[in-house]
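A quick note: this is a predicted structure, and the numbers were derived from the prediction, not measured. The chain is numbered in sequence order, starting from 1.
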Amino acid sequence: MKRILYVAVFLLAVATGYSQTITVHSELGQAWGGGTSVDINNDGHLDFYITGNKNNPKEPLLDEAGAPLDLDGNSIPDTTERWQRLYMWNASSSQFDVTPTNLRVIERANLDWADVDGDGLMDLLATEHNFDPNFYHGGVYKNLGTGMFEKLNYPLPVKANAGAWADFNNDGLIDYVCLSVDLDVSGVYINQGDGTFTATNTEIFGEYKFGIPYCEVIDYNNDGFMDIFITSNCDNPEANDNARVIADVFINYDEEPGNFYRAFLGKTATNTSGSIYQKGNGGVDFADLNSDGWLDMVLHGEGGAGTFEPADEGWACISHVYLNQKDGTYADKPQTSFQADLRPLGSSGVGTGIIDWNNDGNYDLFITGWNPPTVNTQAGYLYHGDGAGNFTEVGRVPGGSETIVLFNDWNADGFPDYLVSGHSWDPMFYATEAEQGRTASVMLNSNTSSANAAPSAPSGLAAAVDAGNVTLSWNEATDDKTPAKSLSYEYFLKDDEGNFILAPASFVGGDKDGLRKVNKLGNCFLNKSAKLISLTDGDYTWGVQSIDAQYKGSAFATGTFKVGNIGVKNTKVDFATIYITDQVLTVKLNSERLSDVFICNLLGQTIVKETFSDNFTKKLPAGAYIVKVASDNRIQTSKVIVR
């Protein structure tokens with residue numbers, strides 16, 4: 001029989017003069033864990049899985065130095081226990097029920113969801129940071145819709161400790177990326193369409209030892225090909241220009257989708273012009289923060305040696321708002337209201353959160369952690385965004401370190417509420433010793449006086465078919481509050497028998513049409529098109545929805561298209577050799593002819609164009625470039641990295 005999670009509610013007026021309904025839930029307290037909000041059983045209400053380490057309920061024996069002993073007098077490493085709970089919404093009681101589950105992914109869990117098999121239920125890609133074979137439970141889990149899961153035989157690298165789903169090669173099939181602390185094993189796993197996956201890009205991602213990583217799939221350059229952002233410790237800093245942490249975009253190469261190269265956005269000793277400070281042990285939040293239709297980010301976490309971030313202490317956590325400059329770089333947007341040093345301490349990406357909290361259509365921020373310079377305890381802060389990239393501190397909220405932030409609807413009023421779980425001794429919200437330590441709180445959203453209407457469904461659906469390559473497009477949708485350019489989009493693809501090839505993270509059709517099953521941006525991000533490559537012959541149905549800053553989805557608009565004979569593809573023959581030596585780019589033609597060379601930035605914008613014959617050389621600053629050589633109506637393209 002399920003135990004009901006009862007709620008004891010009290011009101012607390014915070015010092016800034018606003019009031020929220022806040023509930024202490026010490027039974028949900030943990031540390032070094034993970035969490036996720038997702039509709040497990042398709043009832044239209046987000047459930048949540050929370051996991052981590054609890055304080056051991058048994059009073060430990062101590063040796064003379066105060067270290068814990070087991071009952072036989074032997075030393076033991078700590079006084080914690082592995083702990084996890086799945087809470088599913090019960091519509092009859094309007095409560096979350098503790099629900100039996102066989103998920104055991106615990107320590108700094110990274111959890112990402114996608115409907116892999118098209119059955120309408122969200123399946124799980126799970127990794128964690130405990131590599132003891134007796135306790136490691138990373139893997140791909142098929143959702144059975146009851147709280148129970150079937151572990152599937154998907155290949156994962158040894159010690160996989162972060163991962164995410166996406167269609168990386170644009171063939172309409174879901175792929176995934178996995179990261180590891182071991183060398184030469186991190187990579188992208190491409191779906192072969194027959195139930196198997198092939199590891200690729202291990203030479204790109206496997207160069208680094210990712211310690212406690214977190215990754216997110218994004219389209220940072222709006223080209224329709226999914227990129228990957230990673231923030232992590234780098235346990236082999238010599239591979240990262242001696243920076244102890246790594247934070248960077250790995251760009252999906254549009255000439256060969258599913259293949260990646262590093263953007264080298266971070267400042268280092270040899271890349272002093274980098275546009276961001278590298279960070280680890282924190283997290284990153286992506287959204288269009290200044291309403292221009294491009295993905296911006298808020299990057300949190302520790303800097304340290306080799307990052308060249310100005311700070312009194314190398315381990316200080318300075319949060320930055322980075323605005324996308326539309327040329328492959330970011331610009332740091334100073335935020336005077338941000339706390340100077342708010343340390344999430346190994347929160348694996350879920351210690352902060354971004355969502356439209358105050359129901360004005362703009363993204364707001366929750367940042368929590370240990371705050372040594374201001375209050376010398378754990379603290380959380382809420383910041384309202386203005387839609388122009390500026391954030392204003394509203395005031396203190398419950399917070400923690402080693403923490404989890406989730407947005408579930410705890411009172412079924414249609415608005416997201418706030419759950420924070422972690423270490424906290426903040427007397428402002430946890431007044432008694434019983435409430436402190438590994439503890440948690442729920443704060444109900446009071447910004448509910450006006451409804452948040454769903455955005456409009458996209459219009460003007462079109463499908464341009466070129467053999468097996470298809471570009472799907474639609475017009476910009478609108479919303480009553482979220483700026484039109486800041487709306488994201490989710491699309492799906494079905495075969496001629498009505499089966500999902502690429503299933504969305506939303507309901508399709510019926511009275512729940514468009515309702516989201518997760519709190520995240522759509523799989524097309526801010527693009528108003530989707531590109532598909534090498535589809536087989538057949539009739540297809542597709543649909544697309546828009547999503548606002550509160551992750552509320554529109555109804556789906558749908559269309560159809562037909563793919564005929566794909567035909568024979570031309571075989572690519574290279575006519576030039578392109579390589580880098582000591583920061584010098586060399587282009588050598590296989591035969592002497594007059595040719596043009598274009599050196600482009602990461603968005604394909606030309607920064608150098610010259611005409612040459614035989615050989616071309618040019619010294620370049622550190623960074624990543626796309627080099628195109630045009631000769632006799634032929635074009636050869638290559639990506640190069642200058643270190």
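The aromatic rings of F229 and F286 lie perpendicular to each other, with more than 60° between the two planes, well past the 30° mark. Below 30°, between 30° and 60°, or above 60°: for Y418 and W357 the angle between ring planes is above 60°, a perpendicular geometry. Note on ring orientation: taking the six-membered ring where Trp is involved, the planes of H129 and F131 are tilted (angle from 30° to 60°). Ring geometry for W165 versus Y154: interplanar angle over 60°, hence perpendicular rather than tilted (30 to 60°). The aromatic rings of W410 and H25 sit tilted relative to each other, their planes meeting at an angle between 30° and 60°.
The line from CG of D364 to CD1 of I355 is 9.0 Å long, rounded to the nearest 0.5 Å. Within the model, atoms CZ of F205 and SG of C215 stand 8.5 Å from one another, a figure rounded to the nearest 0.5 Å. Atom-to-atom distance recorded for I40:CD1 and L124:CG is 8.0 Å, nearest 0.5 angstrom. E203 CD to N259 CG: the interatomic distance, rounded to the nearest 0.5 Å, is 8.0 Å. Atom CE of M226 sits about 6.5 Å away from atom SG of C524, to the nearest 0.5 Å. Here the CG-CD distance, from N390 to Q335, works out to 6.0 Å after rounding to the nearest 0.5 Å.
Between the side chain of K279 and the backbone N or O of I318 there is at least one donor-acceptor pair closer than 3.5 Å. Using a distance-only test at 3.5 Å, with no hydrogens or angles considered, no donor-acceptor pair links the side chain of T482 to the main chain of L487. Distance alone, capped at 3.5 Å, is enough to place a donor-acceptor pair between the K267 side chain and the G274 backbone. A donor-acceptor pair under 3.5 Å links the side-chain atoms of N324 to the main chain of Y220, judged by distance alone. Although no hydrogens or angles enter the test, the distance criterion places a donor-acceptor pair under 3.5 Å between the side chain of N271 and the main chain of F264. In this structure, D175 contributes its side chain and V188 its backbone to no donor-acceptor pair below 3.5 Å. For N110 (side chain) and G163 (main-chain N/O), no donor-acceptor pair under 3.5 Å exists by modelled atom type. Between the N233 side chain and the D235 main chain, no donor and acceptor come within less than 3.5 Å of each other. Without hydrogens or angle criteria, S180 side chain to S186 main chain gives no donor-acceptor distance under 3.5 Å. Proximity of a side-chain donor or acceptor of D417 to a complementary backbone N or O of N445 within less than 3.5 Å is detected.
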Criterion side chain to side chain contact (heavy atoms under 4.5 Å, CB included) on I106 and N130, from CA distance to verdict: CA-CA 8 Å; I106 307 292; N130 188 322; over 6 Å; no

field: Candidate pair Y322 and D332, rule side chain to side chain contact (heavy atoms under 4.5 Å, CB included), full reasoning
entry: CA-CA 5 Å; Y322 290 114; D332 198 347; 3.8 Å; yes

Pair F96-F48, ring pair (Phe, Tyr, Trp, His ring centres under 6.0 Å): steps then yes or no: CA-CA 9 Å; F96 285 103; F48 68 96; 5.2 Å; yes

- prompt: What's the verdict on ring pair (Phe, Tyr, Trp, His ring centres under 6.0 Å) for F168 and F260, showing C-alpha distance, side-chain angles and the deciding distance?
  reply: CA-CA 10 Å; F168 289 118; F260 291 80; 5.5 Å; yes

query: Given E302 and L345, is the side chain to side chain contact (heavy atoms under 4.5 Å, CB included) satisfied, shown in steps?
result: CA-CA 8 Å; E302 299 166 357; L345 300 180; 4.1 Å; yes

field: Test side chain to side chain donor-acceptor pair (under 3.5 Å) applied to Y363 and D285, step by step
entry: CA-CA 10 Å; Y363 287 97; D285 296 291; over 6 Å; no

task: Verify side chain to side chain contact (heavy atoms under 4.5 Å, CB included) between Q84 and H137, making sure each step is shown before the conclusion.
output: CA-CA 12 Å; Q84 75 289 321; H137 294 287; over 6 Å; no

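The shortest distance between side-chain heavy atoms of P398 and F366 does not fall below 4.5 Å. I212 is listed as a side-chain neighbour of N281, based on a closest heavy-atom distance under 4.5 Å. At a threshold of 4.5 Å between non-hydrogen side-chain atoms, the residues I218 and M297 do not count as touching. Residues F338 and H320 have side chains not in contact (no heavy-atom distance under 4.5 Å, counting atoms from C-beta outward). Counting only heavy atoms from C-beta outward, the side chains of I50 and Y87 approach each other to under 4.5 Å. Between N236 and E207 there is no side-chain heavy-atom pair separated by less than 4.5 Å. At a threshold of 4.5 Å between non-hydrogen side-chain atoms, the residues Y430 and S441 count as touching. By the 4.5 Å heavy-atom criterion applied to side chains, K552 and D356 are not counted as neighbours.
Looking only at atom types and distance, the side chain of S424 has no donor-acceptor partner in the side chain of D426 under 3.5 Å away. Under the 3.5 Å distance criterion, with hydrogens and angles disregarded, no donor-acceptor pair is assigned to the side chains of S37 and N519. Neither side chain, H45 nor N408, offers a donor N or O lying under 3.5 Å from an acceptor on the other.
G389 and L323 get closest at one heavy-atom pair: CA-CD2, 4.4 Å. Between Q339 and Y383, the shortest heavy-atom contact is N-OH, 3.3 Å. The two atoms that bring Q278 and A243 nearest to each other are NE2-CB, 3.7 Å, heavy atoms only. F492 approaches P504 most closely through the heavy-atom pair CB-CD, 3.5 Å. In this structure, A440 and L419 approach most closely via the heavy-atom pair CB-CD1, 4.4 Å. For D341 against P373, the heavy-atom pair with the smallest separation is O-CD, 3.7 Å.
Counting non-hydrogen atoms of neighbouring residues, nucleotides and ligands closer than 6.0 angstrom, the CG atom of N153 reaches no more than 12 such neighbours.
Ring centers of F407 and Y551: at least 6.0 Å apart, outside the cut-off.
Residues K517 and E490 are not paired through a salt bridge, judged by the lack of any N-O separation under 4.0 Å between the basic side chain and the carboxylate. Residues D296 and K333 are not paired through a salt bridge, judged by the lack of any N-O separation under 4.0 Å between the basic side chain and the carboxylate. Salt-bridge formation is not detected for the pair K520/E216: no Lys NZ or Arg NE/NH1/NH2 atom is positioned less than 4.0 Å from an Asp or Glu carboxylate oxygen.
Between T307 and the options V245, I276, I246, a side chain to side chain contact (heavy atoms under 4.5 Å, CB included) holds for only V245. When each of D115, D123, D117 is tested with K142 by the rule salt bridge (Lys or Arg N to Asp or Glu O under 4.0 Å), just one qualifies, namely D117.
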